[in-house]
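All values below come from the heavy atoms of this structure, side chains included, with hydrogens, waters and symmetry mates left out. We number each residue from 1, following the sequence as shown. This structure is a prediction, so every number in the text was calculated from the model and none was measured.
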Amino acid sequence: MKLFHISDLHLGKRLNEHSLLEDQRYILSQITAAIDAEKPDALLIAGDIYDKAIPPVEAVSLFDDFLYGLTQRSLPVLLISGNHDSAERVTFGSRLLARSGLYFAPVYQGTVEAVTLVDAHGPVDFYLMPFVKSSQVRHFHPEETIVSYTDAMVCAIRQMSLNPDHRSVLVTHQFVTGASLSDSEEISVGGSENVDASVFAAFDYVALGHIHGPQNIGDQRIRYCGSPLKYSFSEANHQKSITVVQMEQKGQLTVSSLPLIPMRELRKLKGSFEMLTSPAFYQTQDRDAYLQITLTDEELIPNAMQTLRLIYPNLLNLLFDNRRTASNQIIDADDRAEEREPEEYFAELYQLQNNQPMTEEQYQYIRHLVTQIREGEA
C-alpha cells in the first residue's frame, strides 16, 4: 500500500501580515498533481489543516475544493485535527463524508476506532488520533495515573484494539521528544508537552504532524513529513516535500519523499544597503522571493524598506545587524538629573544606541538646537 503523508497546511496563514492563500492554492494543486502521477492508495493529513480555530472563509473554501478534487479521484483521505484547529468544526459532517472516502478523526471521546483499508497483502488499520491534551485523556480515564503527555498517549493507545497480525498506522499530532524545531511551531516552555517515541512501538508507521521540518524520529517508522510551505524565516533552508510510504507485507516499509516547489521561495539576504541595491548583486537574486533582509550599515538608511521594495517587491521583514544593535543597553536615572543639560542626555542616548560617541560637530549642533528651542526660535 502506497501512502502520501502531509500535514500542517495552516490554510489561511499570514506571514508578516502577508496573505499566503494563493501560495497555498498553488502548493495544493502541486500535491494533487503528484497524486495523479504517483497514484497513492491513500492520503494522510496529520493535523493543522487551518491556521486558526475559526479560519477565514477563503481558507475553508480552498480546503473544500482540495477535498472535492480528491473525492473525484476516489482517493481515500484520512485526516485529523491539530492544535491550531477546532476539532468540532473540522469534523462536522464526518459520518456523511466517510461515504465519499473522507475519514475525519472524530472529537476525542476516550477511544479511537480503526479505519481499515485493504491491499494485496491484507488489511491496514489506521488509527486517527487528533491533537489532545493530557487533561482530555484524563477526563475519560480518571482511573489512570496521567501526569505527563507521554502518560496520556500510553493510555490513549492502550484503548485501541490493535491487531498484531495487521499492519497498523497511527496518524497523530504531537511533539515527540528529539524533534528539531523552527520558529513557526507552538511548543510549550520546558517541554511539558513532549511525548516519548517509545509509546509508538506497536505501530508499523506513525504519521506525525506538528513540526514543520521533515524528519525521522529514531528511524523512518516514526516521521514528521513537515509543512508543505515555509512558514517562518527560520525555515528558509528547509526542503519541503510529500512523504511517500510504501508498505508491503508486515515489517517491510520504505519511506521516501517528493519535493514540493513553491510559487515563491522564502529567503534571507544580508549585507550593506549599497551591496543590496547594486545591479551586479540583485540581478543574480530571486527578486520575486519572500525576503527577510538584514542591513549591516552603521549609519541610518532613510526609507530603507520603501527603497528596497522597489527592487525586492516581496520584502516582508527588515532587520539591522551593526554596532548599534549588537547589545541592548539601559539608561539609568541618577541623582544628578537636575544638574545635566539636555544635550548631555542626548549624547548619552546616542552612544547607547550606536555604540560610539557623537562627534564634536554633532554635539555642537544638538547644543545649538537646544538653545534655539529654549529661546522659541526652533
Side-chain angles (χ1 to χ4, degrees), residues 1 3 5 7 41-48 76-83 85 87-88 90-91 94-95 97-98 101-119 121-177 193-210 217-225 243 245 247 249-253:
M1 183 173 291
L3 308 173
H5 168 199
S7 74
D41 298 298
L43 173 67
L44 313 179
I45 306 179
D48 278 356
V77 181
L78 303 99
L79 64 162
I80 63 171
S81 55
N83 59 303
D85 300 313
E88 291 79 6
V90 167
T91 60
S94 58
R95 286 174 291 184
L97 293 171
L102 301 178
Y103 302 97
F104 289 77
V107 176
Y108 184 73
Q109 299 290 332
T111 60
V112 175
E113 301 297 329
V115 175
T116 301
L117 302 179
V118 179
D119 68 0
H121 298 286
V124 180
D125 295 333
F126 295 86
Y127 295 88
L128 309 182
M129 180 72 186
F131 175 79
V132 292
K133 297 183 177 180
S134 28
S135 58
Q136 293 171 269
V137 181
R138 193 183 304 117
H139 172 76
F140 291 102
H141 301 285
E143 75 285 357
E144 297 278 355
T145 301
I146 297 175
V147 177
S148 66
Y149 267 64
T150 295
D151 295 337
M153 190 60 67
V154 167
C155 176
I157 291 171
R158 192 184 298 129
Q159 313 308 316
M160 301 175 187
S161 301
L162 296 176
N163 187 328
D165 296 325
H166 291 185
R167 291 162 295 167
S168 58
V169 174
L170 177 67
V171 184
T172 192
H173 191 93
Q174 298 289 346
F175 176 51
V176 180
T177 303
E193 296 181 0
N194 292 15
V195 174
D196 192 272
S198 62
V199 305
F200 304 127
F203 295 96
D204 295 279
Y205 182 71
V206 181
L208 293 169
H210 198 20
I217 303 298
D219 60 47
Q220 63 178 0
R221 189 179 57 84
I222 304 173
R223 180 167 173 82
Y224 286 105
C225 60
T243 289
V245 182
M247 303 185 76
Q249 61 189 14
K250 191 171 179 66
Q252 293 185 351
L253 178 79

If you compare all heavy atoms of Val176 against all heavy atoms of Leu208, which two are closest, and at what distance to 0.1 Å?
CG2-CD1, 3.8 Å
So His210 and His173, would you call those rings parallel, tilted or perpendicular, with 30° and 60° as cut-offs?
tilted
Check whether any side-chain N or O of Gln136 sits under 3.5 Å from a backbone N or O of Ala152 as a donor-acceptor pair, and report yes or no.
no
Contacts of Tyr127 meeting ring-ring contact (aromatic ring centres under 6.0 Å, His included) (sequence neighbours excluded), chain-then-number -> none
Compare every heavy atom of Ala156 with every heavy atom of Met129, then report the nearest pair and how far apart it is.
CE-CB, 3.5 Å
Where is the tightest heavy-atom contact between Pro130 and Ile80, given as atom of each residue plus distance?
CA-CB, 4.0 Å
Is any side-chain heavy atom of Phe200 closer than 4.5 Å to a side-chain heavy atom of Ile217?
no
Could I get the full list of side-chain contact (heavy atoms from CB on, under 4.5 Å) partners for Pro76, not counting sequence neighbours?
Ala42, Tyr103, Leu117
Crowded around Gln252 CD? As in, over 12 foreign heavy atoms under 6.0 Å?
yes
What pairs with Asp204 under side-chain contact (heavy atoms from CB on, under 4.5 Å), at least two apart in sequence or on another chain?
Arg167, Ser168, Met247, Lys250
Might you point out which heavy atoms bring Ala46 and His5 nearest each other, and give the distance in Å?
CB-NE2, 4.1 Å
What I'd like to find out is whether the side chain of Leu78 reaches to under 4.5 Å of the side chain of Val169, using heavy atoms alone.
no
Within the 4.5 Å heavy-atom criterion, are Gln174 and Asn83 side-chain neighbours or not?
no
Heavy-atom nearest pair, Val195 first then Val199, reads CG1-CG2, 3.7 Å
